[in-house]
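Below: the structure, in structure tokens.
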Amino acid sequence: MLRLVLRSYGGENLKGRPGYYSKELAFTSFERAALHARAVLGATSPADPGPGAGPRCGVSVTFVNDGPVPESLTGRMYRLGDVVPIPNGPVGTQGSYTFALDLPAAMGWPDEDVVVFVEDDYLLAQDAFVAIAQAAEAIPQAGYFALGHGRPRDFSDPEQLRRFGIVPWWRPAPDIGVQGRRWINILGVTSTFAARVGVLRQDRDIFMLCQRPFRKRWYDHETAMLYQGVRPYRGTSFWTGMPDDFTLSVRGVLRAAYLVPFRVAMNLRAGRQRTPHYLYAPDPVVAAHMEVGAVEDPAFWAAEAERVRAWARETSGGIPA
């Protein structure tokens with residue numbers, strides 16, 4: 001079973017956004033991709049494989065809402081799947097993230113299921129979830145799957161290494177072709193990703209460890225390094241952290257001193273990860289984080305935003321009332 005989980009928050013933040021951005025657009029792209037996945041993979045029960053589509057594994061949808069979400073969206077949520085408000089919300093980004101991570105255990109989802117966590121500011125390609133299901137079937141050594149993000153094209157380029165948070169002692173596992181799409185092993189991902197439920201249960205302590213230093217955020221990149229068995233720090237990086245993580249100031253020095261014990265603990269946990277749970281991503285990507293500077297192919301995703309709007313006009317949201 002493919003379990004789709006959309007984490008929604010009714011408010012906004014101050015991040016720079018492309019001109020086409022809206023939370024309604026993000027929701028509609030999720031809606032479109034979920035309905036397409038149901039059409040290809042089945043709604044809730046297994047069936048025979050569709051031609052060239054991978055396993056018909058069934059698709060369920062759950063919405064995790066942190067605080068009030070606009071009524072214009074909640075009605076559509078109830079028609080598409082289950083709606084789970086977080087008790088006493090809004091609880092903030094870290095609280096809602098932890099709530100979503102614990103949802104598979106709370107709902108009793110089997111280890112063999114694949115859960116896809118999506119934030120509410122992502123623009124999704126129509127076949128994003130179908131691609132995840134295909135990869136999960138074809139890449140058994142992968143425990144996790146990304147919809148976006150990437151890795152350097154040139155590992156000798158310091159700027160690319162900095163941008164993707166690459167440590168010199170990491171080398172990716174081999175690329176794999178799935179249904180005409182290339183999947184690449186990447187080092188890190190945001191909190192929009194997919195995981196095998198059993199693997200997520202095994203690695204829960206990693207996700208909690210990478211939240212401990214902070215109240216409102218977490219080490220998402222380092223989380224992915226740990227579950228792949230990659231130590232994040234060596235030498236001076238125990239003090240300076242990942243690229244761009246250290247500033248030479250009184251506050252920066254105090255912050256670094258506070259974080260050193262957590263960095264040691266993360267390295268030790270990575271060393272205990274005897275079986276790497278690899279993270280694979282499609283290349284090209286099937287989702288865009290709608291932040292200025294985070295969208296790799298702006299023209300393509302601006303056109304995709306218009307295709308989502310056209311789909312909404314043609315289908316009235318695609319969900320019967």
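For the numbers below, each heavy atom of this structure counts, side chains included, while hydrogens, waters and symmetry mates do not. All of these numbers come straight from a predicted model, not from anything done at the bench. Index from 1, following the sequence.
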Same hydrophobic cluster for [X] and [Y], using side-chain heavy-atom links shorter than 4.5 Å among ILVMFWY?
X    : Y    : answer
V40  : L147 : yes
Y219 : Y258 : yes
M107 : V5   : yes

Is the side chain of [X] donor-acceptor paired with the backbone N or O of [Y] at a distance under 3.5 Å, no angle test?
X    : Y    : answer
Q160 : R153 : yes
T192 : E119 : yes
T98  : G95  : no
N185 : L279 : yes
R215 : R212 : no
Q228 : Q273 : no
T74  : V69  : no
Q94  : R217 : yes
R196 : A142 : yes

Pairwise ring-ring contact (aromatic ring centres under 6.0 Å, His included) hits with a residue in residues 101-121, at least two apart = F117-F193
Listed once per pair and sorted, the ring-ring contact (aromatic ring centres under 6.0 Å, His included) pairs that draw on residues 157-178, sequence neighbours left out | H149-F164
Any side chain to side chain donor-acceptor pair (under 3.5 Å) involving residues 139-148? Give me the pairs, sequence neighbours left out, ordered by first then second residue.
->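 Listed by first then second residue: Y144-D203.
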For [X] versus [Y], what's the shortest heavy-atom pair and its separation?
X    : Y    : answer
M290 : S22  : CE-O, 4.1 Å
P174 : Y280 : O-OH, 2.7 Å
A146 : I132 : O-CD1, 3.9 Å
A305 : L123 : N-CD2, 3.9 Å
V189 : A224 : N-CB, 4.2 Å
C210 : M266 : SG-SD, 3.7 Å

Candidate pair D111 and R201, rule side-chain contact (heavy atoms from CB on, under 4.5 Å), full reasoning = CA-CA 8 Å; D111 284 354; R201 288 193 175 111; 2.4 Å; yes
Considering only NZ, NE, NH1 and NH2 on the basic side and carboxylate oxygens on the acidic side, decide whether [X] and [Y] come within less than 4.0 Å.
X    : Y    : value
D157 : R163 : no
R313 : E306 : yes
R269 : E222 : no

Taking the side chain as everything from C-beta on, heavy atoms only, tell me whether [X] gets closer than 4.5 Å to [Y].
X    : Y    : result
V61  : M77  : no
K23  : P70  : no
P152 : I166 : yes
L187 : M225 : yes
T223 : Q211 : no
F214 : L259 : yes
D127 : R181 : yes
Q202 : T275 : no

Among all residues two or more places apart in sequence or in another chain, which pass the ring-ring contact (aromatic ring centres under 6.0 Å, His included) test with [X]?
X    : result
Y278 : none
Y20  : none
W301 : none
Y122 : H289

Partners passing side chain to side chain contact (heavy atoms under 4.5 Å, CB included) against [X] (at least two apart in sequence or in another chain):
X    : result
A37  : L41, V59, F129, V130
P90  : Y9, D66
N267 : R231, P232, Y233, F238
Y78  : V83

Interatomic distance, [X] atom [atom1] to [Y] atom [atom2] [nearest 0.5 angstrom]:
X    : Y    : atom1 : atom2 : value
L161 : E159 : CG    : CD    : 9.0 Å
I206 : L226 : CD1   : CG    : 5.0 Å
T62  : L4   : OG1   : CG    : 8.0 Å
L268 : L209 : CG    : CG    : 9.5 Å
R251 : R255 : CZ    : CZ    : 8.5 Å
D121 : E291 : CG    : CD    : 6.0 Å

Consider only side-chain N and O atoms of R32 and T315, and report whether a donor and an acceptor are under 3.5 Å apart.
-> no
Return the set of residues passing side chain to side chain donor-acceptor pair (under 3.5 Å) with R234 (not counting sequence neighbours), or none when no residue passes.
-> none
Passes side-chain contact (heavy atoms from CB on, under 4.5 Å), W218 versus T93? Steps please.
-> CA-CA 9 Å; W218 53 91; T93 54; 4.1 Å; yes
CZ/R272: more than 12 non-hydrogen atoms of other groups inside 6.0 Å = yes
Decide if atom CG of N88 counts as having more than 12 heavy atoms of other residues, nucleotides or ligands within a radius under 6.0 Å.
-> no
Are the aromatic rings of F27 and F63 close, with centres under 6.0 Å apart?
-> yes
Between E24 and S72, does a side chain to side chain donor-acceptor pair (under 3.5 Å) hold up when you go through it step by step?
-> CA-CA 9 Å; E24 183 174 4; S72 60; 5.6 Å; no
Please test R76 against T28 for side-chain contact (heavy atoms from CB on, under 4.5 Å), starting from the C-alpha separation and ending with a verdict.
-> CA-CA 9 Å; R76 293 160 67 182; T28 303; 2.9 Å; yes
